[in-house]
Amino acid sequence: MGNYAIAIHGGAGTLMPGTVSPEKEKEFHDKLSESLQAGYNILSKGGSAVDAVEAAVRVMEDSPLFNSGKGSVFNSDGINEMDAAIMNGKNLKAGAIAEVHTVRNPISGARAVMEKTKHVLLASAGAEKFAKEMGLEIVDPSYFYDEERHQQWLATKDTDSPNSWAGDGIPEGTKKYGTVGCVALDNQGNVAAATSTGGINNKKFGRVGDAPLIGAGTYANNKTCAVSCTGEGEYFIRNVVAYDISALMEYKGLTLAQATAEAMKKVALLGGEGGLISIDNQGTICTPFNTSSMFRGWINTAGEKFTGVFR
Ligand code: ASP
């Protein structure tokens with residue numbers, strides 16, 4: 001049996017230590033841990049990386065703590081508009097959905113696109129119609145509503161500080177992206193990546209971020225690695241970050257640590273902030289971020305578990 005390992009993120013941000021109550025911080029750690037375990041249980045029984053990343057992401061989508069599925073941020077029209085993508089490094093198959101309002105678990109919608117169509121990305125009403133046809137759980141848009149997120153939107157909708165995080169004694173201007181993602185290596189040597197998000201608070205209606213764009217926020221290739229990004233999506237799209245990391249490894253022979261550092265350097269050079277999680281085909285995990293915080297966790301090839309928020 002080969003090595004297997006998993007890493008997740010619940011979004012980068014500019015939280016500082018001490019600004020979140022210990023109770024709230026524990027809630028984050030517990031949910032990250034539950035998500036990791038959901039994926040790891042699949043891997044430890046010989047399950048596939050694709051199954052593991054979907055299961056881990058679904059746990060975070062169902063939690064209002066993160067900006068994906070339930071608890072997604074609101075766009076400039078005051079509605080939740082979600083994006084998700086999944087990629088299988090074994091055959092480079094990928095699926096994504098964008099701008100959906102009724103699919104309870106967008107990551108499962110993305111997986112259905114990957115496995116049940118010859119397409120990669122379905123958007124908006126078409127994506128919702130397809131998810132329904134596939135028998136996925138469809139909910140009323142009010143299901144995604146979260147009071148704290150709504151207050152965050154109301155407080156920032158007329159400002160140019162779109163991603164500020166309000167509430168819970170958090171200092172003004174604190175940013176929290178909150179997208180979720182997972183990367184995994186299974187014992188057959190296959191890697192997979194999944195990302196799911198409500199996007200950026202107060203984003204322009206119709207805006208699509210990096211998460212559902214294969215190569216930008218999500219990418220997996222057995223030859224190299226799997227990557228899921230979080231942060232200001234526009235910078236990750238412009239730098240084609242997830243694919244860039246894979247390409248640096250494939251064509252230049254860089255290690256995962258070198259490739260992720262190089263890619264994050266390019267994001268910072270353009271003025272972007274955020275982070276990513278990545279795993280190579282040996283199970284090495286790298287989780288760089290240039291913000292002060294990134295909700296993240298991993299269980300490595302030795303079975304050691306970690307969850308963290310700050311540097
Ligand atoms: N990257 C996401 C987006 O731009 C936001 C996030 O990471 O929370 O849509």
Side-chain angles (χ1 to χ4, degrees), residues 7-15 28 32 57 60-61 63-76 79-86 96-101 106-107 110 121 123-124 144 146 148-149 152-153 156 161-165 174-183 193-219 227-245 263-264 267-268 270-278 287-296 309:
I8 57 171
H9 70 77
T14 60
L15 278 178
F28 278 110
L32 289 171
V57 164
M60 292 186 281
E61 285 181 338
S63 164
L65 289 174
F66 305 101
N67 168 23
S68 69
K70 187 168 181 58
S72 284
V73 295
F74 290 79
N75 74 0
S76 60
I79 59 172
N80 309 114
E81 217 165 47
M82 289 154 284
D83 305 333
I86 191 164
I97 58 175
E99 289 180 63
V100 296
H101 316 277
I107 198 62
L121 173 60
S124 207
F144 299 103
D146 176 69
E148 201 173 296
R149 293 286 187 201
Q152 171 190 8
W153 176 67
T156 53
S161 178
N163 219 32
S164 297
W165 189 18
T174 299
K175 292 185 195 164
K176 177 178 180 290
Y177 294 99
T179 285
V180 309
C182 180
V183 293
T195 314
S196 180
T197 186
I200 300 265
N201 178 47
N202 206 32
K203 66 187 180 182
K204 182 76 119 193
F205 43 80
R207 178 263 191 188
V208 173
D210 59 321
L213 301 185
I214 298 304
T218 308
Y219 191 74
V227 180
S228 169
C229 303
T230 170
E232 291 178 86
E234 282 69 12
Y235 293 93
F236 288 78
I237 296 171
R238 289 162 62 199
N239 280 298
V240 204
V241 171
Y243 177 73
D244 194 32
I245 292 166
M264 283 306 299
V267 169
L270 289 189
E273 64 180 6
L276 58 90
I277 52 167
S278 59
T287 62
F289 51 102
N290 66 12
T291 46
S292 54
S293 62
M294 182 166 83
F295 295 94
R296 63 201 186 282
V309 179

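All ligand and atom numbering here is 1-based and tracks the order in the structure.
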For Phe144, ring pair (Phe, Tyr, Trp, His ring centres under 6.0 Å) partners two or more places apart
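Listed in chain order: nothing, the list is empty.
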I'd like to check the ring pair (Phe, Tyr, Trp, His ring centres under 6.0 Å) partners of Tyr243; sequence neighbours left out, ordered by chain and number.
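Once residues adjacent in sequence are excluded, the partners of Tyr243 under the ring pair (Phe, Tyr, Trp, His ring centres under 6.0 Å) criterion are Tyr219.
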Would you say [X]'s side chain and [Y]'s backbone share a donor-acceptor pair under 3.5 angstrom?
X	Y	value
Asp244	Ala263	no
Glu81	Gly206	yes
Thr230	Ala12	yes

Is there a polar contact between ligand 1 and Cys229, counting only N or O atoms under 3.5 Å apart?
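No; the residue has no nitrogen or oxygen that sits under 3.5 Å from a nitrogen or oxygen of the ligand.
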Of the listed options ([options]), which comes nearest to [atom] when hydrogens are ignored and any heavy atom counts?
atom	options	result
atom 4 (O) of ligand 1	Glu232, His9, Arg207, Lys203	Arg207
atom 1 (N) of ligand 1	Asp210, Leu276, Thr179	Asp210
atom 2 (C) of ligand 1	Ala211, Gly209, Gly275, Gly231	Gly231

Number the atoms of ligand 1 from 1 as they appear, then name those within less than 4.0 Å of a heavy atom of Ile200, with their elements.
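This gives 4 (O) as the contact atoms.
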Identify, by atom number and element, the atoms of ligand 1 in contact range of Gly199, meaning under 4.0 Å from any of its heavy atoms.
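Close to Gly199: 5 (C), 9 (O).
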Would Gly217 count as a contact of ligand 1 if the rule is a heavy atom under 4.0 Å away?
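So Gly217 does not count as touching ligand 1.
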Out of curiosity, is Gly178 lining ligand 1, as in a heavy atom under 4.0 Å away?
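Checking ligand 1 against Gly178, which is what was asked, there is a heavy-atom contact under 4.0 Å.
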I would like to know whether Glu234 and Arg207 meet salt bridge (Lys or Arg N to Asp or Glu O under 4.0 Å); could you show each step before the answer?
CA-CA 10 Å; Glu234 282 69 12; Arg207 178 263 191 188; 2.8 Å; yes
